[in-house]
Amino acid sequence: MTDLAARSTKTQRSLKDLDLRAVAPFVALLLLLILGTFANPNFLGVDNLLNVLTRSAFIAIIAIGATFVISAGGLDLSVGSMVAFVASLMIMFMNSGAIADPALMLVTAMVLAIVIGAACGWANGIITTVFQIEPFIATLGTMGIFRGLTTWLSQGGAITLRSPDLQNLYRPAYFGQVLGVPVPIIIIVATAAIGAFVLYRTRYGRHVIAVGSNEDVARYSGISVNRVRTVTYIIQGLCVAVAVLLYVPRLGSTSATTGTLWELQAITAVVVGGTALRGGVGRIWGSICGAFILEIVGNIMLLSNFISEYLIGAIQGAIIIIAMLVQRSLMRRN
Amino acid sequence: MADAAATRDMPVMQVEGLSKSFGPVEVLRDIGLSFHAGKVHAIIGENGAGKSTLMKILAGHLEPTNGTIRIDGEPVTFTGPVEAEARGIVLVHQEILLAPDLTVAQNLFLGRELSNGLMVDDRVMNERAAKAVRDLGVKIDPRVVVGRLSIAQRQLVQIARALLVPHRVAIFDEPTASLTPVETEALLKVIDDIRNSGIAVLYISHRLPEVKTIADTVSVLRDGNLVATHPAADLQPVDMARLMVGRDVSKLYPDRHAAATRRPALEIEDFSVPGYASHASFTLGKGEILGFAGLVGAGRTELLEGVVGLRTAHGAVKLAGKPVHFANVHDSMRAGIVYLSEDRKGKGLLLQQDLRVNLTLASLGRFMRGLVIDRRKERAALDRAIGEFDIRGGRKEMLAGQLSGGNQQKLLLAKMMMLEPEIVVIDEPTRGIDIGTKEQIYKFIARLAEGGKSVIVISSEMPELIGICDRIVVMRAGRIVGEVTGEHMTENEIVVLATGATAEEAALVAE
């Protein structure tokens, strides 16, 4: 009896506290799935859906890092170029033949990619915090630098993984499956789980939200604002590196246009997922959901005959604006 | 011509049976008031008593749930502040709502720029702005950018902006909240002039002596009810306080017996914060409450922020006799010093986060279970803090920004006390806080000192410093200019030191 009473008040409270903004992206995803089924019966097939989710992996993983950066009040426009830069260096290292054993070579190359990704992120962090340059400008600058370096490294052409041994060894990292689930989907979930743990459960995560909510309050509370911000950019760099680890086995090649406009897609995924662009709110699973939404919209457009698939960019642009309007109207109601 | 006499006595503005509810919560109940031309009518009450809501209704920002507003006896309804302004009712907001990058004149005419054809007419606007500011009896160049003015000057610009509209009723919402005594004095003179020009003035303030000085009539709100309206001449500040709180508050400050000698807890020597304070030396004893008095801008806040490592500074700091150096505020917190900012909303609390997150933010290290934050422990700490500090809100899940000013201050105190400090620096502990909460905070500070902790209180309210401190250090223009203790702790002596004025001038201000 008492137990029941206690339970019922508890449900009431959780219903009242249900944040519509946190739920909205998942509702949108559900509506899209229904819409997709109407558009094309093949849409809801397991194969198609797994395929779509797999293709969203790059943006989804980058968006996890972007969630950290944005919820701490920053912004990183350089991620798309960073993918191209890190991937190019990774392939060039594998082409160098510095290590004879393919397995050892592959592992070393992966570690190298992760170190380079972290270093690129660290550079962004230092420029924005120590040199006090607006994140928008700072990462606009590094965006140009990473892109330019990639173009220079590839001499305007492509950088391709030459060794067939390495290619065959590395292929399953993108095309493989574990218990019927494509590896990229497992990586998305694993990365998001780690991200969510760090953001929601650890002291560092709490500090990220505090810095994004109000930098001064964080500082007056004894939090090192610069360190917290710099680390968000390093996390972003690490996420970019993880995306690269999936990207290289997929195509085995990079060019000066690799990852073009990925920064916008990642930011769109984060915002659609309910993270506040002004900082102070971070939703890891929302960002994953946002990345899925972007990919599914594209997929529906391909499968249906209503709209030309050449309009995908325009539709994605419209989505970010609509998402902001929905978020704001939900905030007012609260 | 009996009509003329009747008109003269007829109130400019009247409210009858005014009520306002937000959802199920009734914040104003059956309010009836009359405001007369050429009179200052003060409305006082604790935070949350309904003062601001009443003002917002009168100025057209909110619509009443029930009741009538009359102007010249004729019932009116306002759909917005623009309509109220058209009827001659202007509101001077408590917060400074000016664009800091625009000039005084541009701010005065913001949204109602004068133009000659296609272009804005800066010459005429500057002239009219100069006159508007001059009418208030101050000298401010209308071409100066507002960001370069002092808070008091901005307040005056804001008043000038409101009064630019033809008006009959002027509402002032706590205009002196962030002003020094000297600036307050000047502002009260401005309000006196406005009254004498035949305007009905509504004056909201927490500062009761000031209300006593300026008001003709005083109305008291408590919990949404109008509990009394009296001529100001019939009420002393202590009567007003009693009416506001509904009980006797003559003992606002706790009894304390100062110990004779104290071991030094904190010694500061030749300490400078570039641009704000230079060559400051002082000692804080264990179990002592040390006050810092001075005008706004004297460098008190900056000096103490420098001491705790929030600003670049140089000089010697000794903690319990040992030399220490704080590179940042994290270091000083670990050493047992906490600083509570005067800017609660901007630097103290995360308004968009809930109470639990705010409470544990500075002391998260104590709530870790391995890598993970122990939320159950956090919630238990919140329950304890709510009890111990009497934090009144509604739900524990509410956001810090939804708490009233007094409860925010209690939450900030609770947050910093989680660090179990030995030395507590509190900057403007009761700014914008109602009298009931003030009393609680004074008691808390006294308890801290009795428990052997040392407290520094920075305050612009001299009665508060005199009421709770053992000793008061006075600063002027970045330097420590003196120290008063015992029977020398009087407003007169402090003002002499703080302003560098002569004793006679100071006596005038302290009055």
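Chain naming here is simple, since letters A, B, ... match the order of the sequence lines and numbering starts at 1 in each.
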Legend entry - Interface moiety of Phe197(A) toward chain B, non-hydrogen atoms closer than 4.5 Å: side chain
Inset, instruction - Measure up the Phe444(B) and Phe389(B) rings against each other and bin them: parallel (under 30°), tilted (30 to 60°), perpendicular (over 60°). - result: tilted
Inset, instruction - Output yes when a side-chain donor or acceptor of Glu378(B) lies under 3.5 Å from a complementary backbone atom of Val357(B), and no otherwise. - result: no
Legend entry - Contact origin within Ile373(B) toward chain A - heavy atom pairs under 4.5 Å: both
Inset, instruction - Begin with the C-alpha distance, continue with both residues' side-chain angles, and end with the deciding distance and a verdict on side-chain hydrogen bond (donor to acceptor under 3.5 Å, both in side chains) for Asp76(A) and Tyr233(A). - result: CA-CA 8 Å; Asp76(A) 191 346; Tyr233(A) 287 100; over 6 Å; no
Legend entry - N-O pairing of Asp354(B) and Lys396(B) below 4.0 Å: no
Inset, instruction - Answer with side chain, backbone, both or neither: which region of Ser332(B) has an atom nearer than 4.5 Å to a non-hydrogen atom of chain A? - result: neither
Legend entry - Interface moiety of Arg375(B) toward chain A, non-hydrogen atoms closer than 4.5 Å: side chain
Legend entry - Which atoms of Lys415(B) approach chain A - backbone, side chain, both or neither, heavy atom under 4.5 Å: side chain
Legend entry - Distance-only polar pair, side chains of Arg300(B) and Ser460(B), donor-acceptor under 3.5 Å: yes
Legend entry - Residue among Gly280(A), Gly222(A), Gly205(A), Ser224(A) with most heavy-atom pairs under 4.5 Å to chain B: Gly222(A)
